[in-house]
Amino acid sequence: MGSLPPFSSDFINPHSLSNRKTTTATQSSSSSCVDETTLLNLFKSQQSHLNFFFQHLDLSQTLSFTRTLLLQSSAGATVFFSGVGKSGFVAHKISQTLVSLGIRSGFLSPLDALHGDIGALSKSDVLVLFSKSGTTEELLRLVPCAKAKGAFLISVTSVDGNALAAVCDMNVYLPLERELCPFDLAPVTSTAIQMVFGDTVAIALMGAKNLTKEQYAANHPAGRIGKHLIFKVKDVMKKEDELPVCKEGDMIMEQLVELTSKGCGCLLVIDDDHHLIGTFTDGDLRRTLKASGEAIFKLTVGEMCNRNPRTIGPDAMAVDAMQKMEAPPSPVQFLPVINGQNQVIGIVTLHGLVSAGL
């Protein structure tokens, strides 16, 4: 049996290990450092590359592209987008932007299209193919199949005389000076100009279709914009059994449960026909107790209520209710909701509006 190699204590010396780790970490830190000048120069270079795109973009091509999408979509066509890799992500995003603007659109994966998804494509539709080089094999295989369906094909590329442009019905050339990548390989500038191009065209279509702010909001009901433009007071107000109501002749101390249990921080003082007389808040309770002491046991709600409270109607926008609560001279936490006959039909609270996402 051969002899074992001599044992080295360095293998288990904790000080040796610590020194090696420190040296390695220091070398790694110094080699991976990015200074401010380097970062600034990269941003300036990207800005220069984007300026090249803006300065050399053929607006006549872009106008023809935009008008084609407008004409076809107005006629009921779906505008499909496709691409591979990073260009595919851009194509997907632009499609989603158009959908949010009320334009029928979708993303068609070139691979999935060849395995059944092309069934979504019809002869009245448009298929926009994003490819930097115009030589993407998956897109070139998709073209004859899409043509067989009768769709109108548009290529969006950044290389002159490419194969994809040659087989499509229309081509838009996106001028690319070079990629920001030092090897001119990583698709960072090319995808940036694709995104700028697609989103700008989308906004041009938005203007041409005269999309209103309300229509846009209707497509974003869960977002803050949508809630501001869609939700009305009647959509967020408390009503019926949730209302903290009392009569003006009721004793203050007898209404403490009603004042605190409904979570509104107030009482709505009404008459027998539900007409609003005034409001009494938990702040009013504290002030009355401080000023009256034991005499509060003999006071009615009507004697101490505010008979000129701010109110709002059920069809007002919820965001207007919030603004009314915050208006001078001092903010309030709730608004009684009344109908045209000054009858209480609900209450909207600041907490409720915030909980609704406004």
Where is the tightest heavy-atom contact between Thr189 and Leu176, given as atom of each residue plus distance? CG2-CD1, 3.8 Å

Member of Thr300, Leu267, Asp272 meeting the side chain to side chain contact (heavy atoms under 4.5 Å, CB included) criterion with Lys247: Asp272

side-chain hydrogen bond (donor to acceptor under 3.5 Å, both in side chains) between Asn162 and Ser133, worked out: CA-CA 7 Å; Asn162 63 78; Ser133 66; over 6 Å; no

Heavy-atom distance under 4.5 Å between the side chains of Ile345 and Ile338, does that happen here? no

Nearest heavy-atom approach of Val233 to Met317 is CG2-O, 4.0 Å

Main chain of Leu139, side chain of Thr136: is a donor-acceptor contact present, judged purely on distance under 3.5 Å? no

Assess whether side chain to side chain contact (heavy atoms under 4.5 Å, CB included) is satisfied between Leu180 and His49, documenting all intermediate values. CA-CA 8 Å; Leu180 183 64; His49 300 333; 4.2 Å; yes

Can you tell me if Ser155 uses its side chain to pair, donor with acceptor, with the backbone of Thr157 under 3.5 Å? no

Should Thr349 and Gln333 be marked as a side-chain hydrogen bond (donor to acceptor under 3.5 Å, both in side chains) after you check the CA-CA gap, both sets of side-chain angles, and the distance that decides it? CA-CA 6 Å; Thr349 66; Gln333 300 294 311; over 6 Å; no

Output all residues satisfying ring-ring contact (aromatic ring centres under 6.0 Å, His included) with Phe152, sequence neighbours left out; order by chain, then residue number. none

Which pair of non-hydrogen atoms, one from Ala192 and one from Gln46, has the smallest distance, and what is that distance? CB-NE2, 4.4 Å

For Lys86 and Pro187, which heavy atoms make the closest approach, and how far apart are they? CG-CG, 3.6 Å

Flag yes if more than 12 heavy atoms outside Arg310 fall under 6.0 Å of its CZ atom; otherwise flag no. yes

Side chains of Thr135 and Val159 in contact at under 4.5 Å (non-hydrogen atoms): no

Main chain of Leu285, side chain of Asp282: is a donor-acceptor contact present, judged purely on distance under 3.5 Å? no

Write down the atom of Lys232, the atom of Asp315, and the distance for their closest heavy-atom approach. CD-O, 3.7 Å

Measure centre to centre between the rings of His56 and Phe52, then say whether the value is under 6.0 Å. yes

Taking distance alone, no hydrogens or angles, what donor-acceptor pairs closer than 3.5 Å link side-chain atoms of residues 38-45 to residues at least two apart or in another chain?
| from | atom 1 | to | atom 2 | distance (Å) |
| --- | --- | --- | --- | --- |
| Thr38 | OG1 | Asp35 | OD1 | 2.7 |
| Asn41 | ND2 | Thr37 | O | 3.2 |
| Ser45 | OG | Asn41 | O | 2.9 |

Without swapping roles, check the side chain of Arg141 against the backbone of Pro144 for a donor-acceptor pair under 3.5 Å. no

Is the backbone N or O of Cys264 less than 3.5 Å from a side-chain atom of Lys238, with the two atoms forming a donor-acceptor pair by type? no

Suppose we call two aromatic rings close when their centres sit under 6.0 Å apart. Are Phe197 and Phe65 close by that rule? yes

Minimal non-hydrogen separation, Pro175 against Ile193, with atom names: O-CD1, 3.6 Å

Show, in sequence, the C-alpha distance, side-chain angles and deciding distance for Gln72 and Ser124, and conclude whether the side-chain hydrogen bond (donor to acceptor under 3.5 Å, both in side chains) test is met. CA-CA 7 Å; Gln72 297 295 100; Ser124 63; over 6 Å; no

Considering only NZ, NE, NH1 and NH2 on the basic side and carboxylate oxygens on the acidic side, decide whether Lys93 and Asp199 come within less than 4.0 Å. yes

Under a 4.5 Å side-chain heavy-atom rule over Ile, Leu, Val, Met, Phe, Trp and Tyr, are Leu98 and Val90 clustered together? yes

Does His351, at its NE2 atom, have more than 12 non-hydrogen atoms belonging to other residues, nucleotides or ligands within less than 6.0 Å? no

Would you say that Thr279 contacts Phe334 through its side chain, given a criterion of any heavy-atom pair below 4.5 Å between the two side chains? yes

Apply the test side chain to side chain contact (heavy atoms under 4.5 Å, CB included) to residues Met170 and Leu153: give CA-CA distance (whole Å), side-chain angles for both, the deciding distance (0.1 Å), then the verdict. CA-CA 7 Å; Met170 177 188 293; Leu153 271 59; over 6 Å; no

Go through the steps to decide whether Leu335 and Thr311 satisfy the test side chain to side chain contact (heavy atoms under 4.5 Å, CB included), and finish with yes or no. CA-CA 5 Å; Leu335 290 175; Thr311 61; over 6 Å; no

Quick test of your reading of the model: are Arg307 and Glu248 salt-bridged, counting only N-O distances below 4.0 Å? yes

Got Leu101 and Leu205 here, is their nearest side-chain heavy-atom distance under 4.5 Å? no

Hey, does Lys209 have a side-chain heavy atom less than 4.5 Å from the side chain of Ile103? yes

Quick one: does any side-chain atom of Asp125 pair with a main-chain N or O of Ser122 as donor and acceptor, under 3.5 Å? yes

Does the pair Gln343 and Asn339 meet the rule for a side-chain hydrogen bond (donor to acceptor under 3.5 Å, both in side chains), with working shown? CA-CA 6 Å; Gln343 292 173 309; Asn339 60 18; 3.1 Å; yes

Closer than 3.5 angstrom, by distance alone: can the side chain of Ser95 be matched with the main-chain N or O of Gly106 as a donor-acceptor pair? yes

Given 3.5 Å as the limit, does a donor-acceptor pair link the side chain of Ser73 with the main chain of Leu70, or not? yes

Pair listing, ring pair (Phe, Tyr, Trp, His ring centres under 6.0 Å) test, anchored in residues 96-146, at least two apart: His92-Phe107

Would you say the side-chain atoms of Glu242 pair up with the backbone N or O of Lys239, donor to acceptor, closer than 3.5 Å? yes

Would Ile118 and Leu142 satisfy side chain to side chain contact (heavy atoms under 4.5 Å, CB included), going step by step from the backbone distance to the final call? CA-CA 9 Å; Ile118 200 170; Leu142 176 60; 4.0 Å; yes

Indicate yes or no: at least one non-hydrogen side-chain atom of Cys266 is less than 4.5 angstrom from one of Phe280. no

Look at the side chain of Glu179 and the backbone N and O of Val188, then say whether any donor-acceptor pair between them is shorter than 3.5 Å. yes

Within a radius of less than 6.0 Å around NZ of Lys149, do more than 12 heavy atoms belonging to other residues, nucleotides or ligands occur? yes

Nearest 0.5 Å please: distance from the CZ atom of Arg286 over to the NZ atom of Lys290. 11.0 Å

